[in-house]
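Here the structure is laid out as structure tokens; the discussion comes afterwards.
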Amino acid sequence: MRLETPPPTEPVPDAAEVVRRTAVADALLVADQADAATATKGVRADVVVELRLISDAATEQAQQLGGEYDSGLGDIVAERSGASPSASTPEHTPRAVVTSLVDAATRTRAAADQAQLGALGRLLASISASQTRYASDLAQLTGAAAPEPPPTQIPEPAEPSAEPSEGDEASATPALASADPAVVPTGLSAEDLSALVLAEDTAGYALEVRAAKADGDVRSRAYERARLHRTRAQGWAQVAGIDSTDQDPRRVAYAVPGSGTATRDLARDLEDELAQNYASLAGVAEPGTRAVLVSLLTDATLAGAPWGAPAVPFPGLPEHA
């Protein structure tokens with residue numbers, strides 16, 4: 001006599017696993033499309049080179065995320081349910097790869113904001129920035145529309161008020177706050193914010209000095225980024241509540257590398273350091289409050305491009321350099 005047992009079923013993934021699987025699926029779709037697009041008739045040699053870089057980066061990102069989950073039950077479940085592969089076939093052109101990269105970056109950026117695990121949020125933030133950079137580079141080569149950069153407005157500090165009501169508490173939950181990219185990150189220490197103020201102000205000062213000694217396009221780009229970094233330093237100082245106080249770390253002047261370091265090299269290093277700062281803080285901030293940090297990581301990644309910084313699979317993560 002043999003007892004009947006229920007048929008095997010796939011384990012139900014938790015929220016973190018759903019986020020991870022989605023990011024892996026996006027990365028692998030980009031890799032597959034990029035590989036297929038290299039064989040598209042009429043694709044220029046420089047576009048083929050870029051597509052191969054994108055495919056390699058996307059594959060590496062999927063691996064770092066843990067790769068595809070395989071319970072060993074897929075064939076059994078599919079056979080019993082009569083499931084069949086999707087009949088839809090994605091388009092395999094360079095411009096379609098741009099679209100897939102933009103879509104993946106948008107989803108991954110949102111996932112980075114909401115991920116419960118800080119380490120996963122940091123990794124997703126970096127991958128999203130990378131996807132946006134690769135999309136921008138490929139769009140420039142193919143004449144496709146460039147991806148819209150995420151909003152980078154520094155949030156205004158919350159005003160002190162009376163004790164919130166139950167309704168106010170409900171409206172301040174991370175899930176709803178994440179819809180507003182200007183939400184103030186929580187979970188960061190005073191030291192974290194102070195270091196961020198100092199990093200932004202240092203970058204602004206260094207680029208101001210170099211802009212004063214340069215001309216033409218270098219002068220314009222250096223001065224524009226200098227003003228932006230100074231503004232962000234001020235914004236973060238206000239968020240931290242240290243603007244014009246004894247705790248404000250900003251100084252009148254900072255040491256700047258001499259003429260032996262080219263302006264493009266200095267600017268590239270400054271943006272890379274800021275990318276690392278924002279990636280680190282994205283791993284510390286609480287879920288639902290990381291949006292502006294992820295966006296600023298993306299901004300620093302894109303800002304390095306005009307200075308000659310190459311696109312990499314994991315910007316802001318020096319351990320993967």
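Looking only at distances, a side-chain donor or acceptor of Ser295 sits under 3.5 Å from a matching main-chain atom of Ala291. Between the side chain of Thr38 and the backbone N or O of Asp35, at least one donor-acceptor pair lies under 3.5 Å. Between the side chain of Ser128 and the backbone N or O of Ala105, at least one donor-acceptor pair lies under 3.5 Å. Side chain of Thr202 to backbone of Leu198: a donor-acceptor contact under 3.5 angstrom is found. Although no hydrogens or angles enter the test, the distance criterion places no donor-acceptor pair under 3.5 Å between the side chain of Ser136 and the main chain of Thr132. A donor-acceptor contact shorter than 3.5 Å links the side chain of Thr298 to the backbone of Val294. Listed for the Gln61 side chain is a donor-acceptor partner under 3.5 Å among the backbone atoms of Pro313. Not one N or O on the side chain of Thr40 forms a donor-acceptor pair closer than 3.5 Å with the backbone of Val43. Panel note: side chain Thr289, backbone Thr186; a donor-acceptor pair is recorded below 3.5 Å.
Using a 4.5 Å cut-off on side-chain heavy atoms (C-beta onward), His229 and Tyr205 make no contact. Looking only at side-chain heavy atoms (C-beta outward), Arg232 and Thr152 come within less than 4.5 Å of each other. With a 4.5 Å cut-off on side-chain heavy atoms, Gln64 and His320 count as touching. In this structure, Thr263 and Lys213 have side chains that are not in contact, with every pair of non-hydrogen atoms separated by 4.5 Å or more. Looking at Val48 and Arg52, their side chains come closer than 4.5 Å, going by heavy atoms from C-beta outward. Contact check for Thr301 versus Leu297: side-chain heavy atoms found under the 4.5 Å cut-off. By the 4.5 Å heavy-atom criterion applied to side chains, Leu101 and Val97 are counted as neighbours. Counting only heavy atoms from C-beta outward, the side chains of Val292 and Pro185 approach each other to under 4.5 Å.
Val184 and Val197 fall within a single hydrophobic cluster, where Ile, Leu, Val, Met, Phe, Trp and Tyr are joined by side-chain heavy atoms under 4.5 Å apart, directly or via other members. Under the 4.5 Å side-chain heavy-atom criterion for ILVMFWY residues, a single connected hydrophobic cluster contains both Leu141 and Val102. Residues Trp307 and Leu266 fall into different hydrophobic clusters, defined by Ile, Leu, Val, Met, Phe, Trp and Tyr side chains chained together at heavy-atom separations under 4.5 Å. Under the 4.5 Å side-chain heavy-atom criterion for ILVMFWY residues, no single connected hydrophobic cluster contains both Leu29 and Ile54. There is no path of hydrophobic side-chain contacts, each under 4.5 Å, that joins Leu270 to Ile154.
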| request: May I have the step-by-step check of salt bridge (charged side-chain N to carboxylate O under 4.0 Å, His left out) for Asp217 and Arg221, ending in yes or no? | output: CA-CA 6 Å; Asp217 182 57; Arg221 282 193 283 124; 2.7 Å; yes
| message | Between Asp26 and Arg21, is the salt bridge (charged side-chain N to carboxylate O under 4.0 Å, His left out) condition met? List the steps. | response | CA-CA 9 Å; Asp26 278 335; Arg21 291 188 193 183; over 6 Å; no
| task | Dump the intermediate steps for salt bridge (charged side-chain N to carboxylate O under 4.0 Å, His left out) on Arg20 and Glu17, then the final yes or no. | result | CA-CA 5 Å; Arg20 190 198 70 81; Glu17 178 61 9; 2.9 Å; yes
| request: Output, in order, the C-alpha distance, side-chain angles, deciding distance and verdict of side chain to side chain contact (heavy atoms under 4.5 Å, CB included) for Leu138 and Val47. | output: CA-CA 7 Å; Leu138 186 57; Val47 176; 4.1 Å; yes
| Does the side chain to side chain contact (heavy atoms under 4.5 Å, CB included) test come out yes or no for Val98 and Tyr134, once each step is laid out? | CA-CA 8 Å; Val98 174; Tyr134 280 117; over 6 Å; no
| request: Start with the C-alpha gap between Arg225 and Glu200, add the side-chain angles, then the distance that decides, and say whether salt bridge (charged side-chain N to carboxylate O under 4.0 Å, His left out) holds. | output: CA-CA 10 Å; Arg225 290 300 292 181; Glu200 287 282 9; over 6 Å; no
| request: Give the C-alpha distance, both sets of side-chain angles, the deciding distance and a yes or no for side-chain hydrogen bond (donor to acceptor under 3.5 Å, both in side chains) between Tyr254 and Asp201. | output: CA-CA 9 Å; Tyr254 305 90; Asp201 201 55; 2.5 Å; yes
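A salt bridge links Glu319 to Arg122: one of the charged nitrogens lies within less than 4.0 Å of a carboxylate oxygen. No salt bridge links Arg107 with Asp103; every basic N to acidic carboxylate O contact stays at or beyond 4.0 Å. Comment: Asp269 does not engage Arg264 in a salt bridge, judged by the lack of any side-chain N to carboxylate O separation of less than 4.0 angstrom.
Minimum heavy-atom separation, Ala305 to Arg133: CB-CZ, 3.5 Å. Across all their heavy atoms, Ala23 and Leu65 have their closest contact at CB-CD1, 3.6 Å. Heavy-atom minimum distance, Pro315 versus Ala129: CG-CB, 3.9 Å. Contact between Thr261 and Pro257 at its shortest, heavy atoms only, is OG1-CB, 3.8 Å. Of all heavy-atom pairs between Ala111 and Val19, the closest is CB-CG1, 3.7 Å. Taking each heavy atom of Ala139 and Ala146 in turn, the nearest pair found is CB-CA, 4.0 Å.
Of the candidates Arg230, Arg219, Arg227, Glu208 forms a salt bridge (charged side-chain N to carboxylate O under 4.0 Å, His left out) with just one, namely Arg230.
One finds the CD atom of Gln114 at 11.5 Å from the CG atom of Leu124 (value rounded to the nearest 0.5 Å). Expressed to the nearest 0.5 Å, how far CZ of Arg290 lies from CG of Leu188 amounts to 10.0 Å. In this structure, the separation between CZ on Arg250 and CD1 on Ile242 is 7.5 Å, given to the nearest 0.5 Å. Between the CD atom in Gln276 and the OG atom in Ser126 there is a gap of 10.5 Å [rounded to 0.5 Å]. With rounding to the nearest 0.5 angstrom, the CD1 atom of Ile127 is 8.5 Å from the CG atom of Leu120. Rounding to the nearest 0.5 Å gives a distance of 9.0 Å between CZ of Arg210 and CG of Leu207.
For Gln247, the CD atom sits in a packed shell: over 12 heavy atoms of surrounding residues, nucleotides or ligands are nearer than 6.0 Å.
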